[in-house]
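Here the structure comes first, spelled out in structure tokens, and everything after it is commentary.
Sequence positions, counted from 1, serve as the residue numbers for this chain.
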Amino acid sequence: MAKNILVAVFSASGVTKQVGEEIARISGGDFFQIVPKAPYTADDLNWMNKRSRSSVEMNDPSARPEIANRVADMAAYDTVIVGFPIWWGVAPRIIETFLESYDFSGKTILPFCTSGGSGVGRSDTELHKNVRGNVNWEKGIQMNRPDRAVIQKWLETVR
Ligand SMILES: Cc1cc2nc3c(=O)[nH]c(=O)nc-3n(C[C@H](O)[C@H](O)[C@H](O)COP(=O)(O)O)c2cc1C
């Protein structure tokens, strides 16, 4: 593939990471894991508890959990594939932290999610709203246990 691709994922329990690594292998892109400054514990992820960290963050559209690491040279990439688990129907707030931390002008952004069954839903448009600059935003898709052919076909979007 001629384009320089970055696959950046946030993954609380490893599912999205695995899919992202596969996408990076197939696309020849670089892989970057978005690491939260404060890691999410099992208690943090408890969606049955309204006071858990994830519930509190998802109830607050302005929550921006801090990220511990940074993409060394974002300018080097034409295409950024952003992967995340669906939390309460949308992307975890930390994805907004990530998207607000760089200038993506002139780049293509291709979101994907994993979930317990939900589709990409509103996450796509909600995220797009917060991205600065002139970005070619491709429609996001759900990638629950995708096979190679599905990933390859999807990647044709950015070829
Ligand atoms: C706080 C929280 C909220 C979730 N909300 C949803 C949801 O609304 N719909 C859904 O299908 N799955 C939901 N899930 C399930 C995750 O999207 C799914 O397990 C995902 O693949 C986890 O990816 P990860 O291992 O990369 O973190 C939720 C999980 C958590 C922890």
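- Checked against a 6.0 Å centroid threshold, the rings of Phe10 and Tyr40 count as neighbours.
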- [ ] Check the pair Cys113, Met143 against side-chain contact (heavy atoms from CB on, under 4.5 Å), reporting the backbone distance first and the verdict last.
- [x] CA-CA 6 Å; Cys113 71; Met143 282 268 182; over 6 Å; no

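- Residues Trp87 and Leu45 share a closest heavy-atom pair of CZ2-CD2, 3.4 Å.
- The closest side-chain heavy-atom distance from Tyr77 to Phe32 is not below 4.5 Å.
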Open item on the list: Determine whether Ile81 and Trp154 satisfy the following criterion, side-chain contact (heavy atoms from CB on, under 4.5 Å), listing intermediate values before the conclusion.
Closed with: CA-CA 11 Å; Ile81 294 174; Trp154 178 63; 3.6 Å; yes

Task: Residues Lys17, Glu21; criterion salt bridge (Lys or Arg N to Asp or Glu O under 4.0 Å); working and verdict - done: CA-CA 6 Å; Lys17 181 179 182 217; Glu21 283 172 341; 3.7 Å; yes

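- You'll find the side chain of Ile26 reaches within 4.5 Å of the side chain of Gln152, heavy atoms only.
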TODO: Give the intermediate values and the outcome of side-chain contact (heavy atoms from CB on, under 4.5 Å) for residues Glu96 and Leu127.
DONE: CA-CA 7 Å; Glu96 287 167 81; Leu127 292 176; 3.7 Å; yes

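- Contact of the Ile5 side chain with the Asp78 side chain is not registered, since no non-hydrogen atoms from C-beta on lie closer than 4.5 Å.
- Both Ile34 and Met58 are part of a single hydrophobic cluster, where members link through side-chain heavy atoms under 4.5 Å apart.
- Between the side chain of Asn59 and the backbone N or O of Ser55, at least one donor-acceptor pair lies under 3.5 Å.
- Two different hydrophobic clusters hold Ile109 and Phe31 under the rule that ILVMFWY side chains link at heavy-atom gaps under 4.5 Å.
- Across all their heavy atoms, Asp60 and Arg93 have their closest contact at O-NE, 3.1 Å.
- The closest donor-acceptor contact from the side chain of Arg70 to the backbone of Ser101 lies under 3.5 Å.
- Distance alone, capped at 3.5 Å, is enough to place a donor-acceptor pair between the Asn144 side chain and the Ser115 backbone.
- Listed for the Asn69 side chain is a donor-acceptor partner under 3.5 Å among the backbone atoms of Val35.
- Surrounding CG of Asn134 are at most 12 heavy atoms belonging to other residues, nucleotides or ligands under 6.0 Å away.
- Looking only at distances, a side-chain donor or acceptor of Ser52 sits under 3.5 Å from a matching main-chain atom of Asn49.
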Task: Residue pair Met74, Val80: steps toward the side-chain contact (heavy atoms from CB on, under 4.5 Å) verdict - done: CA-CA 9 Å; Met74 188 59 92; Val80 182; 4.0 Å; yes

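- Heavy-atom minimum distance, Ile86 versus Ser118: CG2-CB, 4.1 Å.
- By the 4.0 Å N-to-carboxylate-O rule, Glu22 lies close enough to Arg25 to be salt-bridged with it.
- The residues Arg64 and Glu100 are annotated as salt-bridged, a charged nitrogen and a carboxylate oxygen being separated by less than 4.0 angstrom.
- With Lys107 contributing its side chain and Asn136 its backbone, the two residues share no donor-acceptor pair below 3.5 Å.
- Using modelled atom types, one side-chain atom of Arg132 and one backbone atom of Tyr102 make a donor-acceptor pair closer than 3.5 Å.
- Val9 is listed as a side-chain neighbour of Phe112, based on a closest heavy-atom distance under 4.5 Å.
- Between Val135 and Val131, the shortest heavy-atom distance links the atoms CG2-CG1, 3.5 Å.
- Remark: Ser123 OG to His128 NE2 distance equals 13.0 Å, nearest 0.5 Å.
- No side-chain donor-acceptor contact under 3.5 Å links Thr114 to the backbone of Val15.
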